[in-house]
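No experiment lies behind these values; they were computed from the predicted model shown.
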Amino acid sequence: METTLPCYRKRPINRLITQESYPYLILGVLAGLLLGFFFGALGALLPVLFTFYVLIFFRNPSRKAARQDRGLVISPADGTILEIVDDEEKHYLKSKAKRVSIFMSPFNCHINRAPITAKVVDCFYKEGTFAAAFKPKAMETNEHHAVLLEEEGRQRWLVVQIAGFLARRIVSYVQGGMLLNQGDRFGLIQFGSRTDLYCPTNVEIFVKPGQKVYGGRTILGTKVAK
């Protein structure tokens, strides 16, 4: 069922890591101290590795697109292109669209970024399962958070954060009515997931399945005049 946003926080603009990492870092440090005290350096090894992984996972790099152009579409996530299909999004966009699905492994940066400059019309959160995010029907069954965007020209876009097998929490940095500039951070998904971008049908996609992309930097395609 659809509910309110699972977690809304202010965007971590100037931090090397996001604030969502803090509980995990505290846990890792405390576990390292305790196990190190009782079992020595070998006992602290696993907590130290966990803490190091948390620092990597929650990294919050500052990025600029390869080219600043309102006609370009920028990747909303780091990861690998799963598929590019002509689709009909019936839940939130309620229209035909081109869907670009990006799988984020547990080692990718998981910050999601605005693919275009647009206003946030609304946000939708739906509870669900935590099946593997790379499965085609993941959006239908998995927990997800959808952000509906509208450009000045009234064209609407949809970005969907889909929780995966390891992910158990989706974080949103936006609410309805906010303005997002291209490349702005709008949320993250913790520990492995997928991001789907639904583009208007007049968008020409450049990337291919299997290609690596980087959120806020890689150009996915361009808007073609109707």
Side-chain angles (χ1 to χ4, degrees), residues 2 63 65-104 111-126 128 133-142 144-163 170 172 174-187 189 193-226:
E2 292 180 19
R63 289 181 179 169
R67 289 166 54 194
Q68 295 293 325
D69 189 329
R70 282 185 173 268
L72 297 177
V73 182
I74 304 300
S75 177
D78 286 27
T80 304
I81 301 292
L82 281 176
E83 59 180 354
I84 302 164
V85 296
D86 292 326
D87 204 349
E88 184 169 358
E89 205 295 304
K90 300 178 181 178
H91 302 287
Y92 312 113
L93 197 59
K94 298 179 181 179
S95 67
K96 292 182 179 180
K98 289 185 178 180
R99 172 168 58 83
V100 180
S101 296
I102 303 169
F103 177 70
M104 296 182 283
I111 294 286
N112 291 133
R113 300 172 188 266
I116 55 167
T117 296
K119 178 182 178 181
V120 178
V121 176
D122 209 345
C123 299
F124 309 90
Y125 170 67
K126 187 175 181 180
F134 55 79
K135 292 186 176 181
K137 297 293 184 181
M139 180 178 167
E140 301 297 327
T141 59
N142 284 25
H144 64 262
H145 178 242
V147 180
L148 184 61
L149 302 172
E150 184 176 88
E151 291 185 281
E152 292 180 357
R154 310 294 291 179
Q155 279 194 317
R156 290 195 167 189
W157 302 62
L158 185 72
V159 188
V160 186
Q161 301 167 283
I162 304 172
I170 298 173
S172 174
V174 295
Q175 294 177 316
M178 286 184 169
L179 176 65
L180 282 175
N181 291 313
Q182 189 175 59
D184 281 354
R185 303 162 177 87
F186 71 83
I189 319 172
S193 45
R194 167 178 154 185
T195 299
D196 282 359
L197 172 62
Y198 290 83
C199 308
T201 55
N202 66 316
V203 170
E204 180 183 355
I205 303 298
F206 299 152
V207 293
K208 304 293 182 183
Q211 183 174 335
K212 302 291 185 183
V213 294
Y214 298 91
R217 180 181 295 168
T218 303
I219 298 170
L220 296 185
T222 186
K223 305 168 199 172
V224 180
K226 292 184 177 180

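Atom SG of Cys199 and atom CG of Asp87 lie 11.5 Å apart (nearest 0.5 Å). Distance check: Thr201 OG1 to Gln155 CD gives 7.5 Å after rounding to the nearest 0.5 Å. Here CD1 of Ile219 is found 11.0 Å from OG of Ser75. Values are rounded to the nearest 0.5 Å. Here the straight-line distance linking atom CD of Gln211 with atom CG of Leu220 works out to 8.5 Å at 0.5 Å rounding. Atoms CG and OG1, from Asn112 and Thr195 in turn, are 4.0 Å apart once rounded to the nearest 0.5 Å. In this structure, the separation between CD1 on Ile189 and CD on Gln161 is 5.0 Å, given to the nearest 0.5 Å.
Judged by distance alone, with hydrogens and angles left aside, the side-chain atoms of Gln182 form a donor-acceptor pair with the main-chain N or O of Pro115 at under 3.5 Å. Judged by distance alone, the side chain of Lys98 and the main-chain N or O of Ile205 form no donor-acceptor pair under 3.5 Å. Judged by distance alone, the side chain of Ser172 and the main-chain N or O of Gly187 form no donor-acceptor pair under 3.5 Å. Without hydrogens or angle criteria, Thr222 side chain to Gly71 main chain gives a donor-acceptor distance under 3.5 Å. With hydrogens and angles disregarded, no donor-acceptor distance shorter than 3.5 Å links the side chain of Glu88 to the backbone of Lys90.
In terms of the side chain to side chain donor-acceptor pair (under 3.5 Å) criterion, Glu204 has no residue partners (sequence neighbours excluded). Scored by the side chain to side chain contact (heavy atoms under 4.5 Å, CB included) test, Ala114 finds Leu180 as partners (sequence neighbours excluded).
Here the options are Arg63, Arg194, Lys212, Arg113, the test is salt bridge (charged side-chain N to carboxylate O under 4.0 Å, His left out), and the partner is Asp78; only Arg63 passes.
The two residues Ser101 and Asp196 have their closest heavy-atom pair at OG-OD1, 2.8 Å. The minimum heavy-atom distance between Leu158 and Ala146, with the atom names listed, is CD1-CB, 4.0 Å. Across every non-hydrogen atom of Phe103 and Ser193, the tightest pair is CD1-O, 3.4 Å. Across Lys94 and His91, no two heavy atoms sit closer than the pair CE-O, 3.4 Å. For Gly177 against Lys119, the heavy-atom pair with the smallest separation is CA-CE, 3.9 Å.
Two residues are said to be in side-chain contact when any heavy atoms from C-beta on lie closer than 4.5 Å; Ile84 and Pro209 meet this criterion. Lys223 places a side-chain heavy atom less than 4.5 Å from the side chain of Ile116. In this structure, the side chains of Leu149 and Val120 come closer than 4.5 Å at one or more pairs of heavy atoms. Counting heavy atoms from C-beta outward, Asp86 and Lys96 have side chains that stay 4.5 Å or more apart.
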Would you check, one step at a time, whether the test side-chain contact (heavy atoms from CB on, under 4.5 Å) holds for Leu93 with Arg156? CA-CA 7 Å; Leu93 197 59; Arg156 290 195 167 189; 3.8 Å; yes
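Relative orientation of the Phe124 and Tyr92 rings is parallel, given thresholds of 30° and 60° on the angle between their planes.
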